[in-house]
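Notes follow once the structure below has been shown.
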Amino acid sequence: MQIGYARISTDTQTHDAQIAALKAAGCEKIFVETASGAKKDRPVLAEALAYLRPDASDKLVVYKLDRVARSLPHLIEIMDRLNQDNIEFQSLSEAIDTKTPGGRLLFHVMGAISAFERDLIIERTQAGLRAAKAKGRVGGRPKKMTDDKINAVRELLANGTAVRDAAAAVGVSVPTLYRWLPGSARS
């Protein structure tokens, strides 16, 4: 089944040309949305993608690539999802159809670009972490228990304060306190 998706950015535009082209292409159901292409949250697009059935010979048809995706990474994300579910894709203006050998080639090229982009992100992240480590910075969540808190808890416990009260005094849970001071007497 061919499922169409039409989008305009503002209420001053009309969907008419897109809908006519999608109907002429044989779309049986058309999802229509008015939303900026820059918006990440597009509920009608999400509904259209959810409507497509994996492995059921469904095809998502759009009038133009920029109607479905806000950026190349977003387009690649959508194409990856369609590819995983064996759902075909067609863009009428760019004459892209994954049913054809050329369309499948484009699909695979986009997948390769996506993998390349992910690898570059990983590489940049690792380089940044190495640079931070060389400067003495350590990544991750800040530690709940600092040396000052540990000393304060030891002093409180030495003065007879209950473990629960000592933990509350420094703003940590009792299990956190026990992790940092495993020899503490349980109260």
Side-chain angles (χ1 to χ4, degrees), residues 3 5 7 9-10 31-56 58 60 62 65-87 89 98 107-187:
I3 308 301
Y5 174 74
R7 181 187 62 79
S9 299
T10 65
F31 290 84
V32 179
E33 185 162 42
T34 301
S36 168
K39 283 180 75 174
K40 184 172 182 146
D41 181 38
R42 289 196 265 150
V44 177
L45 175 59
E47 185 182 342
L49 293 172
Y51 186 83
L52 295 161
R53 298 164 299 166
D55 301 314
D58 279 355
L60 177 64
V62 297
L65 285 176
D66 68 354
R67 300 293 88 199
V68 72
R70 66 184 186 281
S71 63
L72 181 59
H74 185 227
L75 178 62
I76 291 169
E77 177 185 322
I78 290 170
M79 298 292 267
D80 281 346
R81 178 178 170 186
L82 296 175
N83 191 30
Q84 287 172 1
D85 290 342
N86 292 321
I87 295 171
F89 176 80
T98 59
F107 210 88
H108 291 294
V109 168
M110 293 182 110
I113 291 170
S114 176
F116 177 67
E117 183 177 10
R118 281 190 297 269
D119 290 346
L120 287 178
I121 290 169
I122 291 168
E123 188 177 291
R124 285 191 301 264
T125 301
Q126 289 174 345
L129 290 172
R130 283 192 301 273
K133 190 174 183 179
K135 291 180 181 178
R137 293 191 216 134
V138 182
R141 186 177 181 182
K143 294 181 174 149
K144 276 283 198 180
M145 293 293 287
T146 62
D147 290 339
D148 291 340
K149 285 184 179 181
I150 291 171
N151 292 334
V153 167
R154 283 188 177 138
E155 189 176 314
L156 287 169
L157 293 175
N159 291 333
T161 305
V163 172
R164 182 179 315 169
D165 296 335
V170 296
V172 298
S173 67
V174 173
T176 297
L177 189 139
Y178 281 127
R179 270 194 305 276
W180 284 88
L181 300 168
S184 301
R186 298 192 183 255
S187 298

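To the nearest 0.5 Å, atoms CG (Leu177) and CG (Leu157) are separated by 6.5 Å. Rounded to the nearest 0.5 Å, atoms CD (Glu155) and OG1 (Thr161) are 9.0 Å apart. Within the model, atoms CD of Glu47 and CD1 of Ile3 stand 11.0 Å from one another, a figure rounded to the nearest 0.5 Å. Between Glu123 atom CD and Leu120 atom CG the span is 6.0 Å, to the nearest 0.5 Å.
Around atom CZ of Arg137, no more than 12 heavy atoms belonging to other residues, nucleotides or ligands sit under 6.0 Å away. In Asp147, the CG atom is not crowded: 12 or fewer heavy atoms of neighbouring residues, nucleotides or ligands sit closer than 6.0 Å.
What you find for Tyr5 and Val68 is that their closest heavy atoms are CE2-CA, 4.0 Å. Taking all atoms of both residues into account, the shortest heavy-atom contact from Val44 to Glu33 is N-OE2, 3.0 Å. Taking each heavy atom of Leu60 and Ile87 in turn, the nearest pair found is N-CG2, 4.3 Å. Val62 and Phe89 get closest at one heavy-atom pair: CG2-CZ, 3.7 Å. Considering every non-hydrogen atom in both Arg164 and Val174, the closest pair reads CA-CG2, 3.8 Å.
Residues passing the side chain to side chain donor-acceptor pair (under 3.5 Å) test with Thr34: none are found, sequence neighbours excluded. In this structure Asn86 satisfies the side chain to side chain donor-acceptor pair (under 3.5 Å) test together with Asp55, sequence neighbours excluded. Residues satisfying the side chain to side chain donor-acceptor pair (under 3.5 Å) test with Arg67, not counting sequence neighbours, are none.
Side chains of Val153 and Met145 form a contact here, defined as non-hydrogen atoms less than 4.5 Å apart. No side-chain heavy atom of Thr98 sits under 4.5 Å from any side-chain heavy atom of Asn83.
Remark: side-chain polar atoms of Lys144 are not paired, donor with acceptor, to backbone N or O of Val172 under 3.5 angstrom. Using modelled atom types, no side-chain atom of Arg7 and backbone atom of Phe31 make a donor-acceptor pair closer than 3.5 Å.
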Next item on the list: Could you check Leu156 against Asp165 for side chain to side chain contact (heavy atoms under 4.5 Å, CB included), going step by step and ending with a plain yes or no?
Entry: CA-CA 9 Å; Leu156 287 169; Asp165 296 335; over 6 Å; no
Margin query: Between Lys143 and Trp180, is the side chain to side chain contact (heavy atoms under 4.5 Å, CB included) condition met? List the steps.
Written below: CA-CA 10 Å; Lys143 294 181 174 149; Trp180 284 88; 3.7 Å; yes
Next item on the list: Start with the C-alpha gap between Leu82 and Leu52, add the side-chain angles, then the distance that decides, and say whether side chain to side chain contact (heavy atoms under 4.5 Å, CB included) holds.
Entry: CA-CA 9 Å; Leu82 296 175; Leu52 295 161; 3.8 Å; yes
Check: What do the steps show when you test Gln126 against Ile122 for side chain to side chain contact (heavy atoms under 4.5 Å, CB included), and what is the final call?
Finding: CA-CA 6 Å; Gln126 289 174 345; Ile122 291 168; 3.7 Å; yes
